[in-house]
Amino acid sequence: MSFSLTTWNINSVRLRMPLVQDFLKAKGPDVLCLQETKCENDSFPMAAFRKAGYEHAAIHGQKGYHGVAILSKLPLSMIDRRDYCNMGDSRHVSAIVEPEKGRRIRVHNFYVPAGGDEPDPEINPKFAHKLKFLDEMRLLHAEAERHAGVSTILVGDLNIAPLETDVWSHKQLLKVVSHTPIETETLLDIQSSGAWVDLMREFIPPSEKIYTWWSYRAKDWKAANRGRRLDHIWSSADLAPALASIEVLGAARGWERPSDHVPVTAAFQLRTAQ
DNA sequence: ATGGTGGACGCTCCA
């Protein structure tokens with residue numbers, strides 16, 4: 001039994017629906033997790049997703065900013081939308097998918113706050129918000145459901161590039177929000193204390209560079225190649241042996257009117273798991 | 001050292 005899931009910060013789902021449709025036609029993951037949909041639930045382009053074979057959805061949107069969504073070929077149940085930091089932001093949605101009988105997986109889809117420019121929580125409330133948000137994410141691993149036969153996948157734009165090989169220049173980005181020690185250490189600590197597995201790094205060793213985001217502000221993003229790995233796919237330990245592949249679709253950054261993030265897809269062969 | 005681009009919204013915020 002195979003199962004595949006894509007995470008993609010789409011930076012306006014309405015504007016980029018044609019790209020999404022092309023992607024779904026080409027890759028057809030079972031589940032698609034989007035971030036920065038930037039539209040209210042009422043204006044989410046659900047009809048186009050249904051037409052593409054994605055009849056099931058868990059949407060958590062808001063006007064103009066943020067917004068996350070899970071689209072699925074398979075039924076979704078136990079949909080949950082959480083207000084991290086109690087600010088009314090739409091930055092989380094989760095749901096259970098059951099790729100085969102008895103194999104339940106809760107998918108958590110996150111859009112972590114970017115954190116502003118100044119990496120000091122004392123003077124920059126956006127950075128303080130980011131750190132507080134991470135602290136709340138830390139609690140996920142303790143949830144009863146995870147110990148009651150439900151596996152977990154956590155994806156999204158986490159807005160942190162934790163490893164030296166997750167950025168174009170470790171040295172030059174040490175004081176740049178997304179790669180500061182407080183952020184990278186916190187993220188890696190959440191990962192290890194929660195027994196999460198970084199599936200992208202299971203498949204692509206830490207010795208190799210991986211980028212999932214390239215700034216719009218570069219003159220020539222491809223030539224400069226100053227990317228960062230801001231998008232992630234984690235799982236509970238029980239799912240890791242079932243990982244079959246990870247694909248980072250870098251070509252998507254070169255599509256017409258692209259998102260600044262590219263889609264990342266994990267494929268599983270569930271029979272090989274415990 | 002600075003400003004560069006892109007999206008939503010509505011004359012500015014956020015990334």
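- One distance of note links CD1 of A/I160 with CG of A/L163; it measures 11.5 Å at 0.5 Å rounding.
- The distance between the ring centers of A/H92 and A/H60 does not fall below 6.0 angstrom.
- Between the C1' atom of B/dA8 and the CD1 atom of A/I10 lies a distance of 15 Å, rounded to the nearest Å.
- Considering A/V177, A/N124, A/L174, A/I182 as possible partners of A/P119, the one that fulfils the side-chain contact (heavy atoms from CB on, under 4.5 Å) test is A/V177.
- Of the candidate nucleotides B/dG6, B/dC14, B/dA8, B/dG6 has the atom lying nearest to any side-chain atom of A/R16.
- Annotation for A/W255: hydrophobic cluster partners, listed by chain and number, are A/W8, A/I10, A/V13, A/M17, A/L19, A/V20, A/F23, A/L24, A/L32, A/L34, A/F44, A/M46, A/F49, A/Y54, A/I59, A/L71, A/L249 (ILVMFWY side-chain heavy atoms under 4.5 Å, direct or chained).
- Atom CH2 in A/W214 sits roughly 17 Å away from atom C1' in B/dG6 (whole-Å rounding).
- Residue A/A114 places its side chain closer to B/dA15 than to any other of B/dC13, B/dA8, B/dA15.
- Closest approach to the A/H66 side chain among B/dA15, B/dA8, B/dC13 is made by B/dA15 (side chain taken as heavy atoms from C-beta onward).
- B/dA15 and B/dG4 are spaced 13 Å apart, taking the C1' atom of each and rounding to whole Å.
- What separates CZ of A/R226 from P of B/dT5 is a distance of 16 Å, to the nearest Å.
- Annotation: of the two residues near DNA chain B, A/P113 and A/V13, the 5′-most nearest-nucleotide partner is A/V13.
- Nearest-nucleotide positions on DNA chain B for A/N159 and A/S12 put A/S12 closer to the 5' end.
- A/K63 comes within 4.0 angstrom of the backbone, heavy atoms only, and of no base.
- Summarising the geometry, the separation between CG on A/D117 and C1' on B/dA15 is reported as 9 Å, rounded to the nearest angstrom.
- Aromatic ring orientation, A/W196 versus A/W234: tilted (interplanar angle from 30° to 60°).
- The phosphate of B/dA15 has OP1 or OP2 within less than 4.0 Å of a side-chain N or O from A/K126.
- Distances shown here put every side-chain N or O of A/R14 at or beyond 4.0 Å from the OP1 or OP2 atom of B/dG7.
- The separation of B/dG7 from B/dC11, taken at their C1' atoms, amounts to 16 Å, rounded to a whole angstrom.
- With hydrogens and angles ignored, a donor-acceptor pair closer than 3.5 Å exists between the side chain of A/R217 and the base of B/dA15.
- Only the P atoms considered, B/dC14 is 15 Å distant from B/dC9, to the nearest whole Å.
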